[in-house]
Amino acid sequence: MNIPSKYDAAEVEGKWYKYWLENGYFHSKPDERKPYTIVIPPPNVTGVLHMGHMLNNTIQDVLIRRARLQGFNACWVPGTDHASIATEAKVVGRLKERGLKKSDLTRDEFLDQAWDWTREHGGIILEQLKKLGASCDWDRTKFTMDDDMSASVIRVFVDLFNKGLIYRGYRMVNWDPEAKTTLSDEEVIHEERQGLLYYLAYPVEGSDEKVVIATTRPETILGDTAICINPADERYTHLKGKKVIVPVSGRVIPIIEDEYVDMEFGTGCLKVTPAHDVNDKNLGDKHGLEVIDIFNEDASLNHHGLHYEGKDRFAVRKEIARELEEKGFLVKTETHVNKVGTSERTKAVIEPRLSDQWFLKMETLARPAIEAVLKDEEIKLFPKKFENTYRHWMENIRDWNISRQLWWGQQVPAYYYGEGKEDFVVAENQEQALELARKKTGNTSLDVSGLRQDPDVLDTWFSSWLWPISVFGGILDPENEEIKYYYPTNDLVTGPDILFFWVARMIMSGYEYRNEKPFTNVYLTGLVRDSQRRKMSKSLGNSPDALKLISDYGADGVRVGLLLSSAAGNDLLFDEGLCQQGKGFANKIWNAFRLVSGWEVSETEPAPKVAEVAVRWYRSKLGQTLHEIEDHFAKYRISDALMATYKLIWDDFCSWFLEMVKPAYGHPISKTTFEQVIALFEENLKILHPFMPFLTEDIWQHIEKRDSDKALVVSDWPSIPEVDHGLLEGFAMVTEVISGIRTIRKDKNIAFKEVLELHATHNGSAFNGNLDEVVKKLGNITALHYNIEKVEGSVSFRVGADEYFVPVAGSVDVESEMEKLKEELSYAEGFLKSVRGKLSNERFVNNAPEKVVAIEKQKEADTLAKILTIKESLSNLGK
RNA sequence: GGGCUCUUAGCUCAGCUGGUUCAGAGCACCUGCCUUACAAGCAGGGGGUCACUGGUUCGAAUCCAGUAGGGCCCA
């Protein structure tokens with residue numbers, strides 16, 4: 001075998017990814033095998049790969065590659081979403097650079113621009129995923145704005161409308177004045193902001209009295225239509241039925257009473273601005289108040305703002321505060337911390353705003369989704385703790401505002417034929433709409449020019465909530481082969497931040513449109529943070545360049561680095577050192593391979609006993625570890641599965657096994673042993689492949705020239721070897737013996753090359769099945785003597801109840817030997833005391849299970865024996 | 001303000017239905033080694049009142065209550 005001395009990740013990764021693609025290993029089509037399906041959480045089409053994506057997709061790749069090895073028909077569907085707000089913001093930004101405004105373009109012209117942008121930037125992120133090694137079925141790549149995907153969305157809208165679940169409502173919505181669109185509640189982030197609480201005095205009509213209210217938003221007084229007091233508040237009883245004059249505008253508004261008012265907050269007297277606060281809106285509705293909207297869509301003031309018309313809300317806040325002060329209306333200000341809603345996308349402060357929007361009723365849709373997760377456990381969340389969060393949201397679910405005042409997305413399929421609120425029809429296309437409208441109005445001469453489609457588009461999540469169905473064409477053609485084969489999918493891997501946005505809604509659409517769950521397991525990853533626990537963000541600049549990491553540490557190294565510290569649901573504190581560890585691991589395996597491949601193989605050399613026991617032992621160890629790994633995977637503890645693999649390969653395979661089978665310098669290895677070593681190496685590669693696909697495939701192909709259908713990526717997951725527990729226990733004891741010998745070498749400055757002899761108090765039975773050969777080889781021991789009571793001029797150590805002696809040249813330091821023995825003795829005596837304490841406690845002996853008592857008794861016996869040997873050694877030394 | 005959740009070694013975290021899997025892992029740290037696969041390595045080692053206070057129990061990191069301090073979600 002001709003092996004390069006250095007592992008060149010960059011070259012290897014490019015080569016094997018290409019090979020995998022050329023051979024279509026990632027492509028799936030329905031067949032007689034069981035499917036294993038994952039749909040990717042579609043990233044934003046114009047985004048770039050960040051650490052969150054890397055983690056997320058590494059986990060998906062681990063799962064899908066393992067499933068592929070296990071013989072499932074593995075299908076990982078990739079794709080992107082159109083991200084209305086983000087993409088539209090970017091397109092608007094680009095227009096601005098050219099001195100253009102969105103309103104300068106027609107809708108179609110604007111959409112052309114958006115498509116241009118998508119074509120230029122879209123797919124970058126998918127190319128980056130390939131660098132990471134993602135084994136997606138690229139032939140299936142979908143985009144939420146593909147024709148069939150959009151058609152699915154429109155069909156679902158029409159269907160839900162016809163079922164009475166979609167309605168148009170005039171509601172208080174979250175308005176993003178920068179993007180000039182509404183946002184769903186979930187897209188609003190509440191932040192604490194330091195602000196001022198303004199105390200304003202409103203003159204009471206027809207008296208000299210003034211009533212003081214407290215507000216954080218003095219500019220909204222221009223939209224006030226009432227003052228509200230608590231009917232139980234005796235301070236204001238005398239004001240009942242009176243009116244006050246709004247400062248600056250001079251409008252006269254009523255004083256109303258409602259128990260909603262918190263008497264403790266501020267002055268206990270509340271200004272009511274129904275157009276700009278959702279609670280005030282409710283009060284207004286209840287008391288039949290006028291609604292005065294003082295803002296334009298960019299949150300500058302309109303004509304109700306009087307002399308502030310055209311100015312921004314924050315500028316007006318300062319200016320009106322000054323005016324109020326000058327005119328004597330401002331009593332005082334206090335600093336005040338309050339929560340302000342901001343846009344997830346644009347960071348703009350959200351303005352509550354009344355407008356016509358489309359809503360989806362959630363209550364009936366939520367019902368099966370609640371049961372599936374919390375009752376029937378048809379769908380499992382990992383980690384389970386998220387079920388509480390899920391429950392809380394689902395049980396308090398509110399209707400979903402699905403319209404957005406944007407152009408980039410699926411246009412709401414509602415067609416208006418008149419000015420009345422109900423003068424519209426909903427249909428999949430204009431022709432059907434026309435037909436419906438003619439029927440509804442009885443006006444047969446109505447034509448398309450009399451129809452006006454709603455200008456708004458649908459929320460991007462209204463596309464992605466159908467994702468597991470629509471990628472397989474399950475909405476447009478519910479009986480097609482693909483959807484029947486691949487749906488429901490198996491695992492979903494995503495972040496907890498979109499548990500409601502996306503996961504919960506997919507579950508709802510799944511039951512509504514397939515009458516079946518969309519996936520069985522939901523693995524929620526942690527957020528990737530930096531080592532100071534800060535969220536990774538562009539503005540902080542603490543997010544490492546994903547591709548640079550891959551080029552520095554190799555994709556395998558980065559994958560290992562990310563996975564090692566990402567216990568499910570725990571945030572991952574990213575540290576480049578972890579990638580370094582991953583790279584180091586790759587290097588370790590590479591060198592192990594170089595060692596093995598450098599051995600000269602002899603046909604005639606018989607397999608030594610030590611190699612024979614080594615092989616038996618490693619098989620057992622492999623079996624034991626595979627059981628652990630299976631268990632970890634079953635619980636979605638991917639990092640633990642990796643750590644178990646890491647220790648198996650590094651500690652057990654490299655440090656113990658290879659050292660045992662390694663032929664003496666200049667000697668060949670027996671053919672039998674060599675073949676066994678290679679076979680075990682291959683089993684390691686299979687287990688490791690999901691985590692480190694490139695390195696493992698490369699070594700696999702170096703081991704021997706293989707036909708294309710024998711690539712590692714499509715080989716088979718190891719069957720679990722039988723575990724010989726007795727052998728594992730014996731070996732564990734042997735490692736302690738070897739460790740004892742090594743410690744003596746170190747203490748006495750004896751080089752490993754220098755041979756030693758070992759004397760043991762037992763009769764050799766503790767070294768069953770050639771384990772003595774292991775001691776000899778790894779301890780560099782020439783002779784083992786059994787049934788020894790004591791050896792003059794030797795250093796001793798104990799493993800279990802047995803004592804071992806190593807004769808050393810020169811004088812033994814009796815003092816320090818005795819010191820060590822005394823320490824051991826006092827520890828053992830202390831231990832004995834605690835065990836006897838338990839055993840002498842009647843209630844323990846009577847109440848504890850027999851097994852536990854027996855264990856304690858065994859401990860007592862073992863410790864007594866140990867104490868005896870230590871005492872003997874001490875007295876021997878003392879002679 | 002409401003709900004959920006967490007606090008274990010210097011760091012990041014395991015520790016299941018209380019009992020030798022009970023105090024662990026990885027990294028970091030310290031001490032030897034350039035031993036012919038690997039110094040990105042090998043061998044050895046130190047390090048924790050399991051946040052605090054009570055309770056239940058023969059027995060508590062584990063169960064219960066309270067306190068303190070983080071985090072998340074919602075209003």
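Proteins come first, then strands; the chains are lettered A, B, ... in the order of their sequence lines, and each starts at number 1. Everything numeric here is computed off the predicted structure, so don't read it as measured data.
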Would you say A:Tyr553 and A:Glu576 are linked by a side-chain donor-acceptor pair, where the criterion is simply a distance under 3.5 Å?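 A:Tyr553 and A:Glu576 do have a side-chain donor-acceptor pair below 3.5 Å.
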Close side-chain approach of A:Asp698 to A:Glu11, heavy-atom, < 4.5 Å: no
So do the side chains of A:Val806 and A:Lys748 get within less than 4.5 Å of each other, counting heavy atoms only?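 No - every pair of side-chain heavy atoms lies 4.5 Å or more apart.
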Quick one: the dot-bracket string of RNA chain B, using Watson-Crick and G-U wobble pairs with both distances under 3.5 Å, [ ] for crossing pairs and | for bases paired to another strand. (((((((..((((.....[....)))).(((((.......))))).....(((((..]....)))))))))))).
Between [atom2] on [N] and [atom1] on [X], what's the gap in Å once rounded to a whole number?
| X | N | atom1 | atom2 | answer |
| --- | --- | --- | --- | --- |
| A:Lys384 | B:C72 | NZ | P | 24 Å |
| A:Leu832 | B:U20 | CG | P | 18 Å |
| A:Phe382 | B:A14 | CZ | P | 16 Å |
| A:Leu778 | B:G44 | CG | P | 11 Å |
| A:Phe752 | B:G44 | CZ | P | 12 Å |
| A:Leu563 | B:A25 | CG | P | 22 Å |
| A:Asn396 | B:G1 | CG | P | 20 Å |
| A:Arg391 | B:U5 | CZ | P | 10 Å |

Derivation of the side-chain contact (heavy atoms from CB on, under 4.5 Å) call for A:Leu648 and A:Phe653: CA-CA 6 Å; A:Leu648 174 75; A:Phe653 190 75; 5.7 Å; no
Nearest listed nucleotide, side chain of [X], among [options]:
| X | options | result |
| --- | --- | --- |
| A:Lys647 | B:A75, B:A25, B:C74 | B:A25 |
| A:Asn388 | B:G44, B:U5, B:G15 | B:U5 |
| A:Phe500 | B:A75, B:A14, B:C73 | B:C73 |

Check A:Leu595 against A:Leu658 and note the closest heavy-atom contact, atom names and distance. CD2-CD1, 4.2 Å
[atom1] gap between [N] and [M], integer Å:
| N | M | atom1 | result |
| --- | --- | --- | --- |
| B:U36 | B:C13 | C1' | 39 Å |
| B:C64 | B:U21 | P | 24 Å |
| B:A14 | B:A9 | P | 12 Å |
| B:G15 | B:A39 | C1' | 34 Å |
| B:A28 | B:U67 | P | 41 Å |
| B:G47 | B:G70 | P | 32 Å |
| B:G71 | B:U12 | C1' | 16 Å |
| B:C16 | B:C22 | P | 13 Å |

Working for side chain to side chain donor-acceptor pair (under 3.5 Å), residues A:Gln581 and A:Tyr646: CA-CA 11 Å; A:Gln581 195 184 342; A:Tyr646 183 93; 3.3 Å; yes
5' priority, RNA chain B, between A:Asp497 and A:Met643 [closest heavy atom]: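 The 5'-side residue here is A:Met643.
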Find which nucleotide of RNA chain B each of A:Asp651 and A:Asp640 is nearest to by heavy atoms, and output the residue with the more 5' nucleotide.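 Closest to the 5' end, via its nearest nucleotide, is A:Asp640.
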Please verify the inter-ring angle class for A:Phe593 with A:Phe681; under 30° counts as parallel, over 60° as perpendicular, anything in between as tilted. perpendicular
How are the rings of A:Phe585 and A:Trp650 set to each other: parallel, tilted or perpendicular (split at 30° and 60°)?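 Ring orientation, 0 to 90° scale: parallel.
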Ion pair A:Glu860/A:Lys857, N-O distance below 4.0 Å: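 Here A:Glu860 does not pair with A:Lys857 in a salt bridge, since their nearest N and O are not under 4.0 Å apart.
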For A:Arg559 and A:Val62: C-alpha separation, side-chain torsions, deciding distance, then whether side-chain contact (heavy atoms from CB on, under 4.5 Å) applies. CA-CA 9 Å; A:Arg559 290 166 66 112; A:Val62 168; 4.2 Å; yes
Look at the side-chain N and O atoms of A:Arg637 and state whether any lies under 4.0 Å from the OP1 or OP2 oxygen of B:G15. yes
Set out, line by line, the N/O atom pairs under 3.5 Å between protein and nucleotides 62-65 of chain B.
none

Kindly list each side-chain donor-acceptor pair under 3.5 angstrom involving residues 494-502 of chain A, sequence neighbours excluded, with atom names and distances?
from, atom 1, to, atom 2, distance (Å)
A:Trp502, NE1, A:Ser464, O, 2.8

So if I define the base as every atom that isn't primed, P, OP1 or OP2, how would nucleotides 36-42 of chain B read as a B/S/- string at a heavy-atom cutoff under 4.0 Å? BBB-BSS
Before you tell me yes or no, could you show the steps for A:Tyr618 and A:Asn684 under side-chain contact (heavy atoms from CB on, under 4.5 Å), namely the whole-Å CA-CA distance, both residues' side-chain angles and the distance that decides it to 0.1 Å? CA-CA 11 Å; A:Tyr618 190 73; A:Asn684 290 344; 2.8 Å; yes
Listed partners of A:Asn521 passing side chain to side chain contact (heavy atoms under 4.5 Å, CB included), at least two apart: A:Lys380, A:Phe382, A:Asp491, A:Tyr636
Please walk me through it: do A:Lys621 and A:Trp656 pass side-chain contact (heavy atoms from CB on, under 4.5 Å)? CA-CA 11 Å; A:Lys621 196 75 202 174; A:Trp656 288 108; over 6 Å; no
Any donor-acceptor N/O pair, A:Lys583 side chain to A:Asp552 backbone, under 3.5 Å: yes
Is it the case that the side chain of A:Asn396 and the backbone of A:His392 share a donor-acceptor pair, with hydrogens and angles ignored and the cut-off at 3.5 Å?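 Here the side-chain-to-backbone pair exists.
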Distances under 3.5 Å between protein N/O atoms and the N/O atoms of nucleotides 27-33 of chain B, please, pair by pair.
from, atom 1, to, atom 2, distance (Å)
B:U31, O2, A:Lys746, NZ, 2.6

